[in-house]
Number of protein chains: 2
Amino acid sequence: MVTINDIADKAGVSRTTVSRVLNESGYVSEDARKRVLRIIEETGYRPSEQAKSLRLKRTKVIGVVLPKLFTETSSRMANGLDDVFQQNGYQMLLASSNLDHEQERRQLQLLESRRVDGIILTATNRDDELLHTLRDIRVPVVALGQDLPEVSSVYFDDYHAAVELAEHMVQSGRSRIGFIGVDESDYAVGVLRRQGFLDTMNKHGLEVRPEWMQTADFTIECGRAAFEQMTTSTTELPDAVLAVTDRLAVGAMQAAKEKGLQVPQDIGFAGIGATDMSQYVTPALTTVDYKYEEAGREAAAMLLRSLKQPNVEKSRMGYGLLKRDSLSY
Amino acid sequence: MVTINDIADKAGVSRTTVSRVLNESGYVSEDARKRVLRIIEETGYRPSEQAKSLRLKRTKVIGVVLPKLFTETSSRMANGLDDVFQQNGYQMLLASSNLDHEQERRQLQLLESRRVDGIILTATNRDDELLHTLRDIRVPVVALGQDLPEVSSVYFDDYHAAVELAEHMVQSGRSRIGFIGVDESDYAVGVLRRQGFLDTMNKHGLEVRPEWMQTADFTIECGRAAFEQMTTSTTELPDAVLAVTDRLAVGAMQAAKEKGLQVPQDIGFAGIGATDMSQYVTPALTTVDYKYEEAGREAAAMLLRSLKQPNVEKSRMGYGLLKRDSLSY
DNA sequence: CTGTTAGCGCATTCAG
DNA sequence: CTGAATGCGCTAACAG
């Protein structure tokens, strides 16, 4: 690999001069500049960002921790992140935690040892251990998707989104509403959305049978299975189901259709996330639009800010209810 | 940031010794090792991968160039890549070309200057300029999704996939088949799939009206628009449509349904890609499963091989036809 | 306008 | 078993 020294030698100047024309800093005679530029062209020399970083103590690289590399959700957030980072000359180094809390911490440490300038953390949990690791790391971090105490965060209003969605279901005339959630270790999705649902049901004095409360993983298949569970053990069927993600809702709705139930006449469905798919299933799925790209952009911008001026910011993103055919008569 | 020198000082040894305990190389007295380890623990010292890379001339980072950061297709390939890279201690540095050929080359050069150990290139085109840039770069490259001349490639059998799909449509009794393709600058998707379709139609002596051949972008909306185009300008409707991607097919099918056409009775649809969505639209979409994750794993493994032993390998991935309700009576 | 010197954080000879 | 010296490729005083 050709280095700055090779260029200096061939051009008959010192490497300082080469560095000057490279960075357009300081004075360089037109003559010397020309020679250097020509040699660079000839050799295809490419300055080592690596060496530069060591010297400059900044890498122009942002570490991005994702729970499950690429689901539609994280993809959309990543797209938003990239918009802003690319614009500002940063690249993203990926680290996936595979939903493993232990590995999540390891990845953070690995990113630290790579000396990334900052980290975007798409966490799913808020363990003490994670928070502890976060405190130890001397790299600016912005959490995306969860509100982490004492850490800059861009998150969604999961509680109120669930409330509004449940409210809408009730207003649409549903009363026997089932729920498909996920494990509580995911605070935003597992706890807050469930809480919003339960509080709303309570407020309206609506019964929530235990068998109508299901917990699943994030897959379509699990949505289907959860619906089976919900409907086998009882004679009275729910007249609607709120699932905490679109995929879960799609799976459940599919199961219902296969059972011969009419959607939305016999039973209605709603999800959260406004995935691509939600619009094209039949009937189209009522859901909550979370503006993931925008959240990504916001998180990136926030991180960039904290690179200049260390601070802790919080930003709660808005959302929009998309009323579609899976729920309306 | 605490460095190896700080550790050495506080532990009362030279940095050589610290390096030795870090890498478990050479002899170190139990006493010294204990002291060093303790100091490291206390200070939270994390060796700089950056400095290490400069010294060792390897970064353990792989550059990944994606056309449009994260679509479902690239996400699935990225997941496959990550499987293998993570397993082998490599991290992925992202670079998106945003479908801009100029930027695609810049990204490659940027990755080179970052001294990534290798590059996975998810190209869409095969311009001479791109191939030229590829030749200049002194970094092992594996192309993913396109077969690039003189470059290691993992690609799909686009031509035969299109042939088999078209053949299946004909066998199902369709004869007036429309086509929704994409721009020819994308060789695999734009040229090969179209060719496969046309050859098959020709072989069966089936007419392909000019207005039945549409070109679109990669969005669902464009699929819808293409179908409108296809059906406004003529009185005779096609009895089936082959779209080069699932999204295009979904858009077109949606448009047909809105027009009051019965699918698959009046008109059938087929796509390529086996996206998540394809299975949950109504009727379920006939499509070709491309095994993107596996392609990603294969590409990663191939790159890893060429890091040890420079070479040019080619691997054509298999595919599977998924016959579903969008085409069968 | 230009070159000399120094050092970023680390691993690796080569002598003890 | 350990340390001193060297250099990876680059930028930044500082002194001409």
Side-chain angles (χ1 to χ4, degrees), chain A residues 1-37 39-40 43-61 89 109-117 138-139, chain B residues 1-37 39-40 43-61 89 109-117 138-139:
Chain A
M1 185 87 10
V2 29
T3 79
I4 196 174
N5 284 313
D6 301 334
I7 305 299
D9 288 352
K10 298 197 187 185
V13 296
S14 76
R15 61 172 188 263
T16 305
T17 302
V18 178
S19 176
R20 287 200 179 100
V21 353
L22 248 28
N23 302 299
E24 296 174 354
S25 63
Y27 298 98
V28 177
S29 68
E30 200 47 35
D31 185 47
R33 151 175 280 106
K34 282 239 158 74
R35 253 179 310 152
V36 169
L37 252 21
I39 303 288
I40 289 181
T43 56
Y45 164 67
R46 220 51 63 224
S48 161
E49 276 300 324
Q50 215 183 145
K52 219 152 131 178
S53 296
L54 183 58
R55 182 61 227 253
L56 264 25
K57 294 179 170 312
R58 61 116 188 90
T59 52
K60 283 283 184 178
V61 171
Q109 294 169 343
L110 182 52
L111 289 176
E112 183 187 18
S113 66
R114 289 224 186 267
R115 301 295 186 262
V116 295
D117 291 343
R138 304 170 210 56
V139 179
Chain B
M1 184 87 13
V2 29
T3 79
I4 195 173
N5 284 312
D6 301 334
I7 305 299
D9 288 352
K10 298 196 186 185
V13 296
S14 75
R15 59 174 190 260
T16 307
T17 301
V18 178
S19 177
R20 285 199 179 99
V21 352
L22 248 27
N23 302 299
E24 294 175 356
S25 63
Y27 298 97
V28 176
S29 68
E30 199 46 37
D31 185 45
R33 150 173 282 106
K34 281 240 160 70
R35 249 179 312 149
V36 169
L37 254 21
I39 302 289
I40 288 182
T43 56
Y45 164 66
R46 222 150 294 282
S48 161
E49 276 299 326
Q50 215 184 146
K52 219 152 132 177
S53 296
L54 183 58
R55 180 64 225 254
L56 262 26
K57 292 177 170 316
R58 60 115 189 90
T59 53
K60 283 283 185 178
V61 171
Q109 295 169 342
L110 182 52
L111 289 176
E112 184 187 18
S113 65
R114 288 226 187 265
R115 299 297 186 263
V116 295
D117 290 343
R138 304 170 210 55
V139 179

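Order of the sequence lines fixes the chain letters, A, B, ..., with proteins taken first and strands second; residue numbering starts at 1 for each chain.
One interatomic measurement links the two molecules: CG of A/D9 to P of C/dG3, which rounds to 11 Å at whole-angstrom precision.
Considering only residues two or more places apart in sequence or on other chains, B/D9 meets the side-chain contact (heavy atoms from CB on, under 4.5 Å) condition with none of them. Every residue two or more places apart in sequence or in another chain that forms a side-chain contact (heavy atoms from CB on, under 4.5 Å) with A/L111 is listed here: A/V65, A/L93, A/A95, A/V116, A/I119, B/Q91. Applying the side chain to side chain donor-acceptor pair (under 3.5 Å) test to A/D6 and every residue at least two apart in sequence or in another chain returns nothing. For the side-chain contact (heavy atoms from CB on, under 4.5 Å) test, residues two or more places apart in sequence or in another chain that qualify with B/T43 are B/V2, B/I7, B/K10, B/I39, B/Y45. Residues passing the side-chain contact (heavy atoms from CB on, under 4.5 Å) test with B/S113, sequence neighbours excluded: A/R46, A/E49, B/L110, B/R115. Residues that satisfy the side chain to side chain donor-acceptor pair (under 3.5 Å) test with A/S48, not counting sequence neighbours, are absent from this structure.
Residues B/Q50 and A/T59 meet the side-chain proximity criterion, which asks for heavy atoms closer than 4.5 Å.
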Kindly give the atom pairs (protein nitrogen or oxygen, nucleotide nitrogen or oxygen) under 3.5 Å for nucleotides 13-16 of chain D.
none

Shorter than 3.5 Å, N or O on both sides, protein versus nucleotides 8-10 of chain C: list them out with atom names.
residue : atom : partner : partner atom : Å
C/dC8   : O3'  : A/K57   : NZ           : 3.0
C/dG9   : OP1  : A/K57   : NZ           : 2.8
C/dG9   : N2   : B/A51   : O            : 3.4
C/dC10  : OP1  : B/Y45   : OH           : 2.6
C/dC10  : OP1  : B/S48   : N            : 2.8
C/dC10  : OP2  : B/I4    : N            : 2.3
C/dC10  : OP2  : B/Y45   : OH           : 3.3
C/dC10  : N4   : B/R15   : NE           : 3.4
C/dC10  : N4   : B/R15   : NH2          : 2.9

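Here salt bridge (charged side-chain N to carboxylate O under 4.0 Å, His left out) pairs that include residues 15-34 of chain A, with residues two or more places apart or in two chains, are A/E30-A/K34, A/D31-A/R35.
For B/T17, a side-chain nitrogen or oxygen approaches OP1 or OP2 of D/dG3 to under 4.0 Å.
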